[in-house]
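The next block holds one structure in the form of structure tokens; read it before the comments.
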Number of protein chains: 2
Amino acid sequence: MRADARRNYDRIVEVAREVFREQGYDASLDEIAKRAGVGPGTLYRHFPKRENLLDAVMQSWVDRVNEAVAKALTHEGSDRELLLGWFEEYVRLISVHRGAPAKITSAMGDPDSPIMTKCQVLARANDRVIEHLREDGAIRDGVETLQVCRLVGGVATVADQGDLDPDAVRPMLAVVADGLLR
Amino acid sequence: MRADARRNYDRIVEVAREVFREQGYDASLDEIAKRAGVGPGTLYRHFPKRENLLDAVMQSWVDRVNEAVAKALTHEGSDRELLLGWFEEYVRLISVHRGAPAKITSAMGDPDSPIMTKCQVLARANDRVIEHLREDGAIRDGVETLQVCRLVGGVATVADQGDLDPDAVRPMLAVVADGLLR
DNA sequence: ACCTGAACACCGTTCAAGT
DNA sequence: ACCTGAACACCGTTCAAGT
């Protein structure tokens, strides 16, 4: 990759992260290009679809997911508290910007999605928590990771689109947790 | 209302319902106007915001909701079956077209939404089911109707956006039901 | 009172010309 | 190999002119 291309790529991603946070995932790509100081064609060369840009924006986020799940697993306390704590963290993690929870959760089952690798990171993190609790015999039979991702992702999506605050979200996550635990 | 205005109004609503079903809630208003044989200005005169059009489209749907809840309440069988059956019906009811579950669920808490009256119908229906089960002492403490609407609406939203089939949705609804029941 | 349709603004997307 | 920016298509929204 040529030096100027690399520089443009990085600037676009940085600006996109900023603009997505300010205006949500529907933000104008034209504005992102302008703020990054490149022509619209340059943005399209690097990111043919909006989702490719999202994937790049989420790159640095992967580490945070892995740190968060490691921390959640060390939690001292009841299984219910551990699970609930992880769900709250999960919601925070996928709420990268407005529109993100919906986008991420609907890509969760799709192997052809441009953000597939990010979904896998998230699914694996979730899986570690579920398997940890399953070893304690705390999880009901027939519970699948993908299901859990979609349930918690659904809560995050509703919270995102309805602009709910965490106090309204926690009881919903508690219902999901209770439905999963024995 | 003048006769020609009435006629245009009705045709727009009828066409909108059709186009929303074909192409989802993001469909072009221009196309709706064209198919209804009116100018774009006419559509805007009757429906200043897209949500006003959605509200009109959902008008005839109100009766179906009330019929569905009445039928659900007569169900013979366990509380869990009754609740689960109602949830499946609820998901079907708000899945009027692509994009509808998200729109309806996020309007659920907002008293200023153009589709507020439709949300009230839905909330009231849900409330009847919850109260019915609460009389049996089957519902956990602290459960609110709005919460339940958002939880089931979240599942419907994920199903809608991820194009899931009913077999993938039912187990998710079962988790929510188990989390609400004692 | 209501309708029409031209006009404007905005945005995504492409591509020929340039370095 | 990569970038630029003009050009096109599409869509939401407004409004002057018409009936």
Side-chain angles (χ1 to χ4, degrees), chain A residues 1-57 97-100 102-103 106-107 112-115 161, chain B residues 1-57 97-100 102-103 106-107 112-115 161:
Chain A
M1 203 172 197
R2 230 166 61 178
D4 55 344
R6 166 95 268 159
R7 194 168 42 81
N8 281 335
Y9 181 100
D10 290 341
R11 292 181 64 175
I12 290 170
V13 172
E14 193 183 356
V15 169
R17 185 156 32 223
E18 199 177 297
V19 174
F20 283 163
R21 282 204 70 85
E22 281 174 26
Q23 311 183 14
Y25 186 56
D26 298 328
S28 156
L29 297 180
D30 226 63
E31 185 177 334
I32 293 174
K34 274 207 184 66
R35 278 211 216 174
V38 301
T42 303
L43 194 150
Y44 272 82
R45 157 168 278 267
H46 289 298
F47 309 102
K49 304 174 87 175
R50 187 181 288 264
E51 286 172 300
N52 295 325
L53 187 51
L54 175 59
D55 188 66
V57 162
H97 50 248
R98 234 173 342 108
K103 200 74 211 165
S106 66
D112 297 332
S113 168
I115 62 167
Q161 290 172 355
Chain B
M1 203 173 197
R2 228 166 64 180
D4 55 345
R6 168 93 269 159
R7 195 168 41 81
N8 281 334
Y9 181 100
D10 290 340
R11 292 182 64 175
I12 290 170
V13 173
E14 193 184 356
V15 169
R17 186 156 31 223
E18 199 177 297
V19 174
F20 283 162
R21 283 204 70 85
E22 281 175 24
Q23 311 183 15
Y25 187 56
D26 298 328
S28 156
L29 297 180
D30 226 64
E31 185 175 335
I32 293 174
K34 273 206 184 67
R35 278 211 217 174
V38 302
T42 303
L43 193 151
Y44 272 83
R45 157 166 278 265
H46 289 297
F47 309 100
K49 303 173 86 174
R50 187 183 287 265
E51 286 172 299
N52 296 122
L53 187 50
L54 176 59
D55 189 65
V57 162
H97 51 247
R98 235 175 339 110
K103 199 75 211 163
S106 66
D112 298 331
S113 167
I115 61 165
Q161 291 171 356

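By convention in this document, chain letters (A, B, ...) are assigned in the order of the sequence lines, proteins followed by strands, and residues within each chain are numbered from 1.
- Atom CE in B:Met1 sits about 7 Å away from atom P in C:dC2, given to the nearest Å.
- Per the geometry, CZ belonging to A:Arg45 stands 17 Å off P belonging to C:dT13, to the nearest Å.
- A heavy atom lying under 4.0 Å from DNA chain D marks the following residues of residues 20-36 of chain B, by number: B:Ala27, B:Ser28, B:Leu29, B:Asp30.
- Side-chain atoms of A:His97 and A:Lys103, non-hydrogen and from C-beta on, never get closer than 4.5 Å to each other.
- No option in B:Arg6, B:Arg2, B:Arg7 other than B:Arg2 meets the side chain to side chain donor-acceptor pair (under 3.5 Å) test with B:Asp4.
- For the OP1/OP2 pair of D:dC3 and a distance below 4.0 Å, the side-chain nitrogens and oxygens of A:His46 include at least one atom meeting the criterion.
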Next item on the list: Could you encode protein contacts along nucleotides 14-19 of chain D as a string, one character per nucleotide from 5' to 3', using B for base contact, S for sugar-phosphate-only contact and - for no contact, with a heavy-atom cut-off of under 4.0 Å?
Entry: BB----
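- Atom C1' of nucleotide D:dC2 and atom CG of A:Asp10 are separated by 15 Å, given to the nearest angstrom.
- Under the ring-ring contact (aromatic ring centres under 6.0 Å, His included) criterion, A:Phe47 pairs with A:Tyr9, sequence neighbours left out.
- Counting only Watson-Crick and G-U wobble pairs whose two key distances fall under 3.5 Å, DNA chain C forms stems of three or more stacked pairs at C:4-8 with D:12-16, C:12-16 with D:4-8.
- Look at CZ on B:Arg11: it is 18 Å from P on C:dC2, rounded to the nearest Å.
- A straight line from CG of A:Leu43 to P of D:dA6 spans 17 Å, rounded to a whole angstrom.
- The backbone N or O of A:Leu29 lies less than 3.5 Å from no partner atom in the side chain of A:Arg50, so there is not a single donor-acceptor pair.
- In terms of modelled atom types and a separation under 3.5 Å, the side chain of B:Asn52 and the main chain of B:Lys49 share a donor-acceptor contact.
- Closest of all the heavy-atom pairs between A:Ser113 and A:Glu51 is OG-OE2, 4.3 Å.
- Taken to the nearest 0.5 Å, the CG atom of B:Leu54 stands 11.0 Å off from the CZ atom of B:Arg17.
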Name every donor-acceptor pair, under 3.5 Å, that has one atom in a side chain of residues 34-45 of chain B and the other anywhere in the protein, sequence neighbours excluded.
residue, atom, partner, partner atom, Å
B:Lys34, NZ, B:Asp30, OD2, 3.1
B:Arg35, NE, B:Glu31, OE2, 3.3
B:Arg35, NH1, B:Glu18, OE2, 3.3
B:Arg35, NH1, B:Glu22, OE2, 3.4
B:Arg35, NH2, B:Glu22, OE1, 2.9
B:Arg35, NH2, B:Glu31, OE2, 3.0

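- Look at A:Asn8 and you'll find a side-chain N or O under 4.0 angstrom from OP1 or OP2 of D:dC3.
- Applying the side-chain contact (heavy atoms from CB on, under 4.5 Å) test to A:Ser106 and every residue at least two apart in sequence or in another chain returns B:Gln161.
- Using a 4.5 Å heavy-atom threshold, the side chains of A:Ile32 and A:Gln23 count as separate.
- Taking atom CG on A:Asn52 and atom P on C:dG12, their separation rounds to 15 Å, with Å as the unit.
- Atoms CG (A:Asp4) and C1' (D:dT4) sit 13 Å apart, rounded to a whole Å.
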